[in-house]
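Heavy-atom basis, side chains included; hydrogens, waters and symmetry copies ignored. On a predicted model such as this, the values are computed, not experimentally measured, just so you know.
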Amino acid sequence: MRLVITSQKTDTLDRWQRVFEDCGDVICQRGLRAEAPVDAVLMAGIFALERYGGRPGVQEAQILENRRGDGWHNLVIVPPGRPMTRDARGDWIVQAAYASMQPAYFAASRSFAQSRSGMLATSGPRSRWWRSTSP
């Protein structure tokens with residue numbers, strides 16, 4: 001599997017290049033979309049769920065089928081969010097062990113790890129799920 005990471009922000013690409021500097025099958029490109037053809041796009045839930053369906057998840061990455069005909073890829077991967085817990089007032093907060101981790105890094109790294117390990121299972125006609133085995 002080859003991963004293509006795109007961003008319009010140079011500092012974001014620089015960070016991803018450092019994370020994957022020893023991985024020859026990861027390419028970082030400046031831009032909104034990959035220059036080379038890709039099978040799926042990884043998109044934050046805040047952007048993808050309302051548009052393509054699905055529901056927020058913490059332990060599961062979702063693969064949604066794009067049936068909108070909007071020019072984006074046929075498969076949209078929605079990564080899991082950082083694990084949450086309730087504080088003393090009952091408000092949701094990120095678990096302390098993950099608070100300093102960038103949300104994008106957590107989400108993408110878990111999705112990439114799950115896709116590489118082949119932990120794909122189907123869950124209905126519109127979406128497929130990856131279940132995380134790591135915290």
Heavy-atom pair of closest approach, residues V76 and M43: CG1-CB, 3.9 Å
Considering non-hydrogen atoms only, spot the tightest contact between L64 and Q62 and give its length. CD2-OE1, 3.8 Å
Does some side-chain heavy atom of V78 sit less than 4.5 Å from a side-chain heavy atom of L49? yes
Could you note down all residue pairs passing salt bridge (charged side-chain N to carboxylate O under 4.0 Å, His left out) where residues 88-108 supplies at least one of them, sequence neighbours left out? D87-R89, R89-D91
R30: partners by side chain to side chain donor-acceptor pair (under 3.5 Å), with sequence neighbours left out: T10
Set of side chain to side chain contact (heavy atoms under 4.5 Å, CB included) partners for T12, sequence neighbours left out: S7, K9, R15, W16
Determine whether I5 and V26 make a side-chain contact, defined as any pair of heavy atoms from C-beta on separated by less than 4.5 Å. yes
Exercise: identify the closest heavy-atom pair between Y98 and P83: CE1-CG, 3.6 Å
Considering non-hydrogen atoms only, spot the tightest contact between R82 and A99 and give its length. NH1-O, 3.3 Å
L42 side chain reached by P79 side chain, heavy atoms, under 4.5 Å: yes
Minimum side-chain heavy-atom gap L75-N66 below 4.5 Å: no
Just so I know, are the side chains of V4 and Q29 near enough to count as touching, which here means a heavy-atom distance under 4.5 Å? yes
Atom pairs and distances, donor-acceptor, side-chain atoms in residues 17-24, under 3.5 Å, two or more places apart:
none

With S100, which residues qualify under side chain to side chain donor-acceptor pair (under 3.5 Å), at least two apart? none
